[in-house]
Structure formats: C-alpha cells, structure tokens
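Right, one structure below, let's go through it.
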Amino acid sequence: MTTAQRLPMADSPARAEAKSAIYRLAAVAFGHPLPETQQAFEDGSFYQALDSAWQAVTGRPWPCQPASADFVELESGYIRVFHHGRQGKPQVALVAGEYSELLDGIARPTFMLNVQAFYKYFGLKAALGDEGRTEEPDHLSTMLEFMAVLTHLEAQSLAQRKEPDAYRRAQRDFLKRCLVPLLEVIQKQVARETNLMLDATLIRLIEDLPEWARNQLVELEARIGPYDEKTKDAASKGRALDQNLWN
C-alpha cells in the first residue's frame, strides 16, 4: 500500500490546525523572501514550527535543512529561480497560469476567474504582496494561504461541534483542480533543472508537498466522497464557479 493509499487518520481540531499551519508556513516560504524569513530559517524557528505541525498530521518528523548563508543568498536564489533567471524568465514558475498543461485548453483569464471564484465564495481576495503589488490568485503562495484559511475554518467548526463538510468539500475541490496539479508540475520542473541555487528548505518543500497534498485529497475523498467532474466541466466551458458549490 502506497502512502497516498493509506486510510485517513481520525481528525480533530488540533490536527486540522496543524494542517493549517503547514499550508501557512509553506505559503510564507514561497512568498518573496524577507529578512525575517532568513532569520527564521537560521534560528530554527521555521523548522520547529513546521516539524511540529508535520508530525501532528503525518506522525513523522520533517527533515531539517541548512539555511542559506545570509539573506542576500536567499533572496538572490529565489529571484534567479522563480522570477528571471534565464533570459528574463523564471527557471521554475510559481504561477499556475504559466503552465499550459494546467490551463488544459482554457484561456488564462478564464482560468484566473475560476481560481478567484474559490476565494470570492469565502469572502477573500489576494493580499498586497511584495512592493505593494496585488498577489496573483494563481501564485503558489496565494493558493497555500487559501488552504490555510479553509483548514483553519474546519478546525473552528470541529472545535464548536459544527458541521465541517462545507470547508472539506472546498478543500477537496481546490486541491484537485488547483493546488495538487501546480505542486506536481513545479516538482517536475525542478527535477529537470540542474544546479539550482535555491535555499534547501524550499527545495525540500518542493519535494515533499506534492505527496502530502495528495494524501490530504485522499483523506478528504474518503470522508466526503470523490471530486465531482461536473465542477471541472463547468470551468472548461468558461463559467466562473461562483454558485453555491460547497454548502
């Protein structure tokens, strides 16, 4: 039995919050680096937080990685790989719309609308990111932050003994349609590159997150049923999914 085929673990508010922490920490890691990011990598506080959450969800420790030598190395590596490392283009894009295989024949504006529809349904919008620019809705960091919100809302529902399935359905659909495909294509792109001058923590997250996210999808489908392909069909016809999908 492969890891992705294991039966789901019993859930709890604490475990749902741990899932939220993993998504939130990963979102921070894949956002544009700040000096505070380097400090957290150096002093081990990022690792301690992620390892604690990772063990709470998976029962396994998360391997500790060495930090970049300094902030300049962290930021320059991030920019070189994810922004304009080769002829002004990223070596590895963190934005889903840059991958034609993820668009699946849909025009990018329609794809963006369908991603934004998830956020809009829960009253969210992309925050201001680096240098005051609005974050792209299909950026990996934005998607991870959205999953952090959904799992936090799930944890609150469980703690209040309320029905959490609306948040679980949204997680399942977003993982299936958006996040898992993006994580997988990033992982494949990184595997094709050589001599990536990228922080070791980011490389390890790129290696580990796709399988972890697939496992979350397996758990969700075991609890609330499989993903409905009608949702994808609606998106492929160019209709933003702003109807009542999860309640």
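If you're wondering where the values come from, they're calculated on a predicted model, not measured in any experiment. The analysis underlying the following values was restricted to heavy atoms, covering all of them including side chains, and did not include hydrogens, waters or symmetry mates.
Aromatic ring orientation, Tyr167 versus Phe122: tilted (interplanar angle from 30° to 60°). Phe118 and Phe146 have perpendicular rings, their planes meeting at more than 60° on a 0 to 90° scale where under 30° would count as parallel.
Aromatic rings of Tyr47 and Trp54 (six-membered ring for Trp) have centroids beyond the 6.0 Å cut-off, not under it.
A salt bridge links Glu154 with Lys19: at least one charged nitrogen is closer than 4.0 Å to a carboxylate oxygen. A salt bridge links Arg15 with Glu219: at least one charged nitrogen is closer than 4.0 Å to a carboxylate oxygen. Lys89 and Glu98 are not joined by a salt bridge, as no carboxylate oxygen comes within less than 4.0 angstrom of a charged side-chain nitrogen. Salt-bridge annotation for Lys176 and Asp173: absent, with no side-chain N of the basic residue lying under 4.0 Å from a carboxylate O of the acidic one.
Between Glu17 and the options Gln156, Arg24, His152, a side-chain hydrogen bond (donor to acceptor under 3.5 Å, both in side chains) holds for only His152. Of the residues listed (Asp199, Thr201, Thr37), the one engaging Ser68 in a side-chain hydrogen bond (donor to acceptor under 3.5 Å, both in side chains) is Asp199, and it is the only one.
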Arg168 and Leu150: CA distance, side-chain angles, deciding distance, side-chain contact (heavy atoms from CB on, under 4.5 Å) verdict
CA-CA 8 Å; Arg168 288 173 171 170; Leu150 291 181; over 6 Å; no

Chi angles and distances behind the side-chain contact (heavy atoms from CB on, under 4.5 Å) call for Met197, Val81:
CA-CA 7 Å; Met197 303 300 291; Val81 174; 5.7 Å; no

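Residues Phe111 and Ile106 come closest through the heavy atom pair N-CG2, 3.7 Å. Pairing each heavy atom of Glu73 with each of Ser76, the nearest pair is O-OG, 3.2 Å.
Here the CE atom belonging to Met112 is positioned 6.5 Å from the CD atom belonging to Glu136, to the nearest 0.5 angstrom.
Side-chain atoms of Arg192 and Gln189 form a donor-acceptor pair, as typed in the model, at a separation below 3.5 Å. Between the side chains of Gln38 and Glu42, at least one donor N or O lies within less than 3.5 Å of an accepting N or O.
In this structure, Ser20 contributes its side chain and Ala16 its backbone to no donor-acceptor pair below 3.5 Å. Checking side-chain atoms of Tyr99 against main-chain N and O of Val185 turns up no donor-acceptor pair under 3.5 Å.
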